[in-house]
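Residue numbers start from 1 in every chain, and the chains themselves are labelled A, B, ... in the order their sequence lines are given, proteins ahead of strands. A quick note: this is a predicted structure, and the numbers were derived from the prediction, not measured.
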Amino acid sequence: MPNILGYLKIYIIPTKYSPSDIRQLSAELTIHGGQLIDHPERADIILTRLMGRKRLALALDPTLIDSKIVVLDRWLADCIAHEALLDHRPYLVPPDHSSQPTHKWPRKQTASPSTRPPNQHNNTRSPSDHNPFKTTSPALILASFPATEKSIEPSTLPRLACCRKSPSICINQLLIEELDVIRVWKENGEDDTLESDLNQAGKKDDEKHALAYSRACSALKAYPTKICSVSEAQVIPFIGPKIALQIGEYLSTGQIKLSQTLRTSVRLRSILLFQTLHGVGSRLSREFYDIHDCRTLEDVANARPSLKVQVTYWSDLQTPIPRYEVPLIAKFLSDELEMISPGCIHTICGSYRRGREYSNDVDIVFTYPAMNRSSKVSSQVLDQLVDRLRTLSALTDILSGSSIGSNALRGLHQRFIMMSLPRQTRQIRVDIIFAPYEIYWVCVVGWTGSTMFERDIRKHANGLNLKFASHGISRLSDGSEIAVSQEKGEPAVFEALGLEWIEPTERNADV
DNA sequence: GACAGCGCATTGCA
DNA sequence: TGCAATGCGC
DNA sequence: GTCAG
């Protein structure tokens with residue numbers, strides 16, 4: 001019997017079923033590779049016979065209705081009939097009123113962090129409770145990538161991320177997440193302790209390897225069909241013999257042994273836990289672990305008091321910000337800004353702009369049409385905004401950003417802050433950027449990401465003897481500026497670089 | 001041998 | 001105190 | 001670790 005359901009965890013809402021119906025369904029879905037589970041909150045997908053959302057609300061926790069995929073049980077019957085995992089969307093439980101917003105998908109970004117209720121008591125600061133590795137549920141991958149994509153010749157995949165379409169979640173997502181564990185491991189110096197690392201030699205290699213894994217994952221991210229064989233994978237750019245071998249292992253066993261081992265490594269988990277703090281990277285976190293023997297965030301806070309504020313609000317900062325909240329934050333800031341100086345416009349960038357359902361922070365680029373590079377007002381306005389937040393008790397901490405420095409000379413100003421909305425305690429990381437109007441859209445491109453996308457924009461620009469930076473596009477030869485029309489918006493930036501337009505939601509070139 | 005490239009903050013050394 | 005080197009974030 | 005020169 002083919003494994004159609006691919007170990008999907010399935011919960012059945014018992015309403016309208018007899019016990020024997022349930023037994024029958026259970027048998028069918030088990031035969032086809034699914035797992036019937038007792039708790040809806042752990043399910044990848046929820047089956048029901050209830051035809052309306054109102055009825056559903058009586059039978060299922062309303063928060064689950066929004067966070068889980070709930071489909072009519074006909075979906076299962078059709079999957080079995082077609083011997084394929086079908087796109088669930090046509091089977092979603094219809095809303096009762098057509099005026100209500102339709103069920104958006106995908107609802108959830110990652111399985112682990114958002115399942116933790118926000119603001120719970122913080123005993124989540126030890127590595128054993130913290131899972132830094134993502135695992136996207138199979139149902140979500142299915143939801144994001146219906147099987148309608150046409151296949152391509154792997155070797156024709158563009159070599160630069162800025163020339164490819166990279167969705168938020170891709171059809172080979174689980175494979176990529178498996179490879180990404182190895183990337184993270186390499187990025188953190190494999191198992192080298194800091195001492196042996198300081199003796200130079202090896203570390204640089206690991207970083208290069210990490211980069212290689214990033215590129216391989218990035219290429220896979222844009223690959224439109226499910227990888228079925230090593231020979232297919234081998235011809236994809238940036239996948240050489242070593243990574244092909246890992247992919248082979250994944251294809252035959254469903255996982256990569258090394259990755260699974262790494263996921264359980266206490267040291268790696270601790271090191272990654274420390275890196276959730278702004279300003280702590282691979283170097284510092286290893287120093288905390290190996291030299292100061294830190295094991296929890298409290299240990300780290302003691303070792304470096306400047307991190308205490310972040311540790312205090314750690315669970316807030318770890319709680320993903322749902323998509324709908326992001327514009328509220330932007331509106332709050334722009335309203336305050338209007339009072340200081342009217343006429344500002346802004347674009348929310350970062351992962352929000354790339355279409356993610358949840359974000360870790362909020363990036364906003366502001367400008368005034370009247371604000372040009374030579375005017376000094378922008379830094380004053382930014383300072384005033386920060387002061388205003390302080391008086392409103394919205395500001396918790398400034399993580400970075402100063403009025404001096406050469407970026408300020410170029411008219412670009414930024415503050416990375418920690419703040420909360422009025423009458424709320426939940427802390428949010430916000431990156432505020434002020435750009436002169438001449439470079440507004442260049443700046444938006446620069447702050448939209450993803451990392452790989454930006455890297456390859458630069459690489460592409462260099463090929464044209466141009467330099468791309470968030471403070472403008474210039475010629476490599478003499479440094480002279482290339483003017484980009486701001487009236488034409490973001491596409492003008494792509495045009496200036498000779499790039500085909502890629503939607504922000506298709507710039508998710510990182511894992 | 002190259003792998004993006006720059007601004008900001010901190011540290012260490014003269 | 002000033003300046004270079006290093007780490008970090010995007 | 002992969003690619004290009």
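Summarising the geometry, the separation between CD1 on A:Ile243 and C1' on D:dG1 is reported as 6 Å, rounded to the nearest angstrom. Atom P of nucleotide C:dG7 and atom CD of A:Glu187 are separated by 14 Å, given to the nearest angstrom. Distance CZ (A:Arg286) to C1' (C:dG7): 11 Å, rounded to an integer number of Å. The separation between A:His278 atom NE2 and B:dG7 atom P is 17 Å, rounded to whole Å. Protein atom NZ of A:Lys242 is 12 Å distant from nucleotide atom P of D:dC3, rounded to whole Å. Counting to the nearest Å, the C1' atom of C:dC10 and the CZ atom of A:Arg354 are 11 Å from each other. One interatomic measurement links the two molecules: CG of A:Leu277 to P of B:dT10, which rounds to 15 Å at whole-angstrom precision. Here C:dC8 presents its C1' atom at 16 Å from CG of A:Leu272, a figure rounded to the nearest Å.
With a 6.0 Å radius and a threshold of 12 heavy atoms from other residues, nucleotides or ligands, A:Glu500 has its CD atom at or below the threshold. Under a cut-off of 6.0 angstrom, the local environment of NZ in A:Lys308 is crowded, with over 12 non-hydrogen atoms contributed by other residues, nucleotides or ligands.
Looking at A:Leu412 and A:Phe434, their side chains never come closer than 4.5 Å, going by heavy atoms from C-beta outward. The side-chain heavy atoms of A:Arg507 and A:Glu454, taken from C-beta on, include no pair separated by under 4.5 Å.
Screening A:His471, A:Glu481, A:Arg373 against A:Glu438 for a side chain to side chain contact (heavy atoms under 4.5 Å, CB included) leaves a single residue, A:Arg373.
Position along DNA chain B of the nearest nucleotide to A:Leu399 versus A:His471 favours A:His471 as the more 5'-ward residue.
Counting non-hydrogen atoms under 4.0 angstrom, A:Asp363 reaches nothing in the nucleic acid. Here A:Arg159 lies in heavy-atom contact (under 4.0 Å) with sugar-phosphate atoms only. Counting any heavy atom pair closer than 4.0 Å across all strands shown, A:Asp361 reaches sugar-phosphate atoms only and no base atom. Nucleic acid contact class of A:Ile457 (heavy atoms, under 4.0 Å, all strands): none. Looking at heavy-atom distances under 4.0 Å, A:Tyr213 makes contact with sugar-phosphate atoms alone, never a base. Nucleic acid contact class of A:Arg183 (heavy atoms, under 4.0 Å, all strands): none. Residue contacts for A:Asn462: at a heavy-atom cut-off of 4.0 Å it reaches the sugar-phosphate backbone alone, with no base atom in range.
The distance between the ring centers of A:His130 and A:Trp314 falls below 6.0 angstrom.
For the P atom pair drawn from C:dC10 and B:dC3, the interatomic distance equals 23 Å after rounding to whole Å. The same atom, P, is picked in D:dT2 and in B:dG5; the two are 23 Å apart, to the nearest Å. B:dG7 and D:dG1 are spaced 30 Å apart, taking the C1' atom of each and rounding to whole Å.
Checked by distance alone, A:Arg215 brings a side-chain donor or acceptor within 3.5 Å of a matching partner on the base of B:dC3.
Side-chain proximity of A:Leu284 to the nucleotides B:dA4, C:dC8, C:dC10 is greatest for C:dC8. Taking every side-chain heavy atom of A:Ser400 into account, B:dC8 is the closest of B:dC8, C:dC10, D:dT2. Closest to the A:Leu211 side chain, of the nucleotides D:dG1, C:dC8, B:dC3, is B:dC3.
If you check B:dA4 for Watson-Crick or wobble pairing at under 3.5 angstrom, you find it has no partner at all. Within the shown strands, nothing qualifies as a pairing partner of D:dG5 under the Watson-Crick or G-U definition with both distances less than 3.5 Å.
Atom CZ in A:Arg286 sits 13.5 Å away from atom NE2 in A:His292 (nearest 0.5 Å).
Note on A:Arg304: every side-chain N or O is 4.0 Å or more away from OP1 and OP2 of B:dA9. A sub-4.0 Å separation between OP1 or OP2 of B:dC3 and a side-chain N or O of A:Arg458 is absent.
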